[in-house]
Structures are given as structure tokens and as C-alpha cells.
Amino acid sequence: MSVSEMFIGLQGVLTADQDIREEIRKVVQALEQTAREILTVLQGVHQGSGFQDIPKKCQKAREHFNTVKIHLASLKTKFPADQYYRFHEHWRFVLQRLVFLAAFVVYLETETLVTREAVTEILGIEADREKGFHLDIEDYLSGVLTLASELSRLAVNSVTSGDYSRPLRISVFINELDSGFRLLNLKNDSLRKRYDGLKYDVKKIEEVVYDLSIRGLSKTATGGAGEEK
């Protein structure tokens, strides 16, 4: 084989690889658009009247996740099944965002932490890497950390809306989340930095709870704990 023939062959490989990346990019763009639509729906809970419409907003968000499943099913077909991590960087960010959105929906519905397995069911992908396109553990954890930041914001907006019990419940949840992360030996630099930000979310929520306490509003919130969330 001549040098020219060798490089022509290499160009063919490069072109095929570029074609795969372009096809992946198109699907990822569609996923990003759907993620923005879901976020737009859920951001309504931060508004004054948003708390009364939480069930409707969660239902609408779940309808959008049906579109997410379609896009992810398409994404699986764009690259060889055994090359997940070769192309992982292309969808890593949007997948983490989708984990956060799924976790936020589940929290708003049940005030519990969504499991990795439940997220994969919502997204229509696998939890086990051996089965193909899956949710990497670090992507799941990154999405959960984004949830913590969103809940710290929700705690502040709850007070503004006159919902004094919600910040107390969020505080309990975030502290449990923080305790869970402390059990992990995180060596991933990116994930470690994201986790370091969790302490600021904890502090922010504690300040909200403290403010409610000194104003005597925490007693009012506790007194209404039996009311519907």
C-alpha cells in the first residue's frame, strides 16, 4: 500500500467518525430543546401561584419526558453500542440536566430523592452499563447536585409566597442529601467541585430556616404540618 492509499483510507475513517458525531449532535440539540421546555414548565413553581399548580406542572413535565425517550432511543442508534464512552462527552451535559429535571419532578411530587433506577425508567435508558446506553453514576450524582441548588432557591421563594413549612422540609431533605454525599469517596474532579457547592446550598437553606425561626414563623409552619403539602 502506498502512502497516498494509506492516507486516503485514514481520511475515510475520519469522515465516518465525523458523520457519527454530526448525527449525535443533531439528536443532542433536540434533547437540549426538550430539556429547556421541561425547565420552563417547572420554573413556574417559583412564582407566587405556582405551588397550587405543582401537580399540573409535574404532569406536563412528564409528558415532555415522553419526547425525551424518543430522542434517546434515536441517539442509541447513532453510534456503535460498544463505543458509549468514546462519544459520551457529546450528551453528558444534557443527560445530567435531564437527571436534574426528573429528580425535580419526583421531589415536587413526593418530596423524596429519585433513585438512579427510577431516572432511567423516566428517560427510557438502562441503569446497567452492560445492557447498552445507560445512565452513568457520575451523571446521576451531578444531576442530583443541581437539584440541591434548585431547592435552595425554592426555599427562598416559598417564604416569599407565604409557604413557611416548605423550607423546613427542604432543609431536612438537603441535610440528608449532604449526609449521603459524605459517604462517597469522590475522586472525579468535576463532581468533587460540584459537591463542594452543596455546602453553600445547605448554608443558604439554614439561613432561611433561621430567619423563619427568629420571626416566629417556624412555629406557625410546624403547626400547619398536618396540612396538605
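We use all heavy atoms of the structure for the numbers below, so side chains are in, but hydrogens, waters and symmetry mates are not. Numbering starts at 1 and runs along the sequence shown.
Cluster annotation: L177 is connected to Y107 through the hydrophobic network of ILVMFWY side chains, with a link wherever side-chain heavy atoms come within less than 4.5 Å. At a threshold of 4.5 Å between side-chain heavy atoms, the hydrophobic network of Ile, Leu, Val, Met, Phe, Trp and Tyr places I137 and L95 in one connected group. Note: the hydrophobic cluster containing I170 also contains L113 (ILVMFWY, side chain heavy atoms under 4.5 Å, direct or indirect links). Linking Ile, Leu, Val, Met, Phe, Trp and Tyr residues whenever their side-chain heavy atoms come within less than 4.5 Å leaves F93 and Y85 in two separate clusters. The hydrophobic cluster containing L42 also contains V144, counting ILVMFWY residues as joined when their side-chain heavy atoms lie under 4.5 angstrom apart, directly or transitively.
Annotation for L147 and A103: closest pair CD2-CB, 3.8 Å, computed over non-hydrogen atoms. The nearest pair of heavy atoms linking A35 to L98 is CB-CD2, 4.0 Å.
Residues L145 and F181 have side chains in contact (heavy-atom distance under 4.5 Å, counting atoms from C-beta outward). Taking the side chain as every heavy atom from C-beta outward, V28 and E32 approach each other to under 4.5 Å. Contact of the V159 side chain with the P167 side chain is registered, since non-hydrogen atoms from C-beta on lie closer than 4.5 Å. A 4.5 Å side-chain heavy-atom check between Q59 and E109 finds every atom pair outside the cut-off. Looking at heavy atoms from C-beta onward, I38 lies in side-chain contact with F65 at the 4.5 angstrom threshold. Counting only heavy atoms from C-beta outward, the side chains of R166 and D163 approach each other to under 4.5 Å. When side chains are defined from C-beta on, Y84 counts as touching H134, because their heavy atoms get closer than 4.5 Å. Using a 4.5 Å cut-off on side-chain heavy atoms (C-beta onward), T146 and Q96 make no contact.
For the atom pair SG of C58 and CZ of F104, the computed distance is 8.0 Å after rounding to the nearest 0.5 Å. We find the CZ-CD1 distance between F79 and I20 to be 9.5 Å, quoted to the nearest 0.5 Å. In this structure, CD on E176 lies 10.0 Å from OG on S171, to the nearest 0.5 angstrom. Considering CG of L31 and CD1 of I24, their distance stands at 11.5 Å, rounded to 0.5 Å. Here the CD1-CG distance, from I205 to L168, works out to 11.0 Å after rounding to the nearest 0.5 Å. To the nearest 0.5 Å, atom CZ of residue R36 and atom CG of residue L39 are 10.0 Å apart.
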>> ring-ring contact (aromatic ring centres under 6.0 Å, His included), that's the test. Do H71 and F133 meet it? Break it down for me.
In response: CA-CA 13 Å; H71 291 321; F133 195 101; over 10 Å; no
> What's the verdict on side-chain contact (heavy atoms from CB on, under 4.5 Å) for L75 and E23, showing C-alpha distance, side-chain angles and the deciding distance?
Replying inline: CA-CA 8 Å; L75 182 59; E23 289 299 310; over 6 Å; no
> Where do I174 and S152 land on the side-chain contact (heavy atoms from CB on, under 4.5 Å) test, with the steps shown first?
Replying inline: CA-CA 9 Å; I174 292 296; S152 68; over 6 Å; no
> Step by step, would you call K203 with E206 a salt bridge (Lys or Arg N to Asp or Glu O under 4.0 Å)?
Replying inline: CA-CA 5 Å; K203 182 179 179 181; E206 286 177 344; over 6 Å; no
>> Using the rule given for side-chain contact (heavy atoms from CB on, under 4.5 Å), can you reason through E111 versus F173, listing the C-alpha separation, both sets of side-chain angles and the distance that settles it, and then say yes or no?
In response: CA-CA 8 Å; E111 296 193 357; F173 176 82; over 6 Å; no
> Should S165 and R169 be marked as a side-chain hydrogen bond (donor to acceptor under 3.5 Å, both in side chains) after you check the CA-CA gap, both sets of side-chain angles, and the distance that decides it?
Replying inline: CA-CA 7 Å; S165 64; R169 302 196 302 272; 2.9 Å; yes
>> H64 vs V68, test: side-chain contact (heavy atoms from CB on, under 4.5 Å). Steps then yes/no.
In response: CA-CA 7 Å; H64 281 294; V68 169; 5.8 Å; no
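Salt-bridge formation is detected for the pair E89/R92: a Lys NZ or Arg NE/NH1/NH2 atom is positioned less than 4.0 Å from an Asp or Glu carboxylate oxygen. With respect to K60 and E37, no salt bridge is recorded, no charged nitrogen being found less than 4.0 Å from a carboxylate O. Contact check on E138 versus R194 returns no salt bridge, with no Lys/Arg side-chain nitrogen under 4.0 Å from an Asp/Glu carboxylate oxygen. For R25 and E22, the salt-bridge test passes: some basic side-chain N is under 4.0 Å from an acidic carboxylate O. A salt bridge does not link D201 with K204: none of the charged nitrogens is closer than 4.0 Å to a carboxylate oxygen.
In terms of modelled atom types and a separation under 3.5 Å, the side chain of T77 and the main chain of S74 share a donor-acceptor contact. At least one donor-acceptor pair closer than 3.5 Å links the side chain of E5 to the backbone N or O of S2. No donor-acceptor distance shorter than 3.5 angstrom exists from the side chain of S213 to the backbone of V209, with no hydrogens or angles considered.
Applying the side-chain hydrogen bond (donor to acceptor under 3.5 Å, both in side chains) rule to Q18 yields no partners; only residues at least two apart in sequence or on another chain are considered. Every residue two or more places apart in sequence or in another chain that forms a side-chain hydrogen bond (donor to acceptor under 3.5 Å, both in side chains) with D17 is listed here: R21, R86.
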Identify each donor-acceptor pair in which a side-chain atom of residues 116-129 lies under 3.5 Å from a protein atom, sequence neighbours left out, and give them as a table.
unit_1	atom_1	unit_2	atom_2	d
R116	NE	L135	O	2.9
R116	NH2	A127	O	2.5
R116	NH2	L135	O	2.9
T120	OG1	E117	O	2.6
D128	OD1	E130	N	3.0

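The environment of F7 atom CZ is sparse: at most 12 non-hydrogen atoms of other residues, nucleotides or ligands sit within 6.0 angstrom. For L184, the CG atom counts as densely surrounded, since its 6.0 Å shell holds more than 12 non-hydrogen atoms of other residues, nucleotides or ligands.
Relative orientation of the H90 and F87 rings is tilted, given thresholds of 30° and 60° on the angle between their planes.
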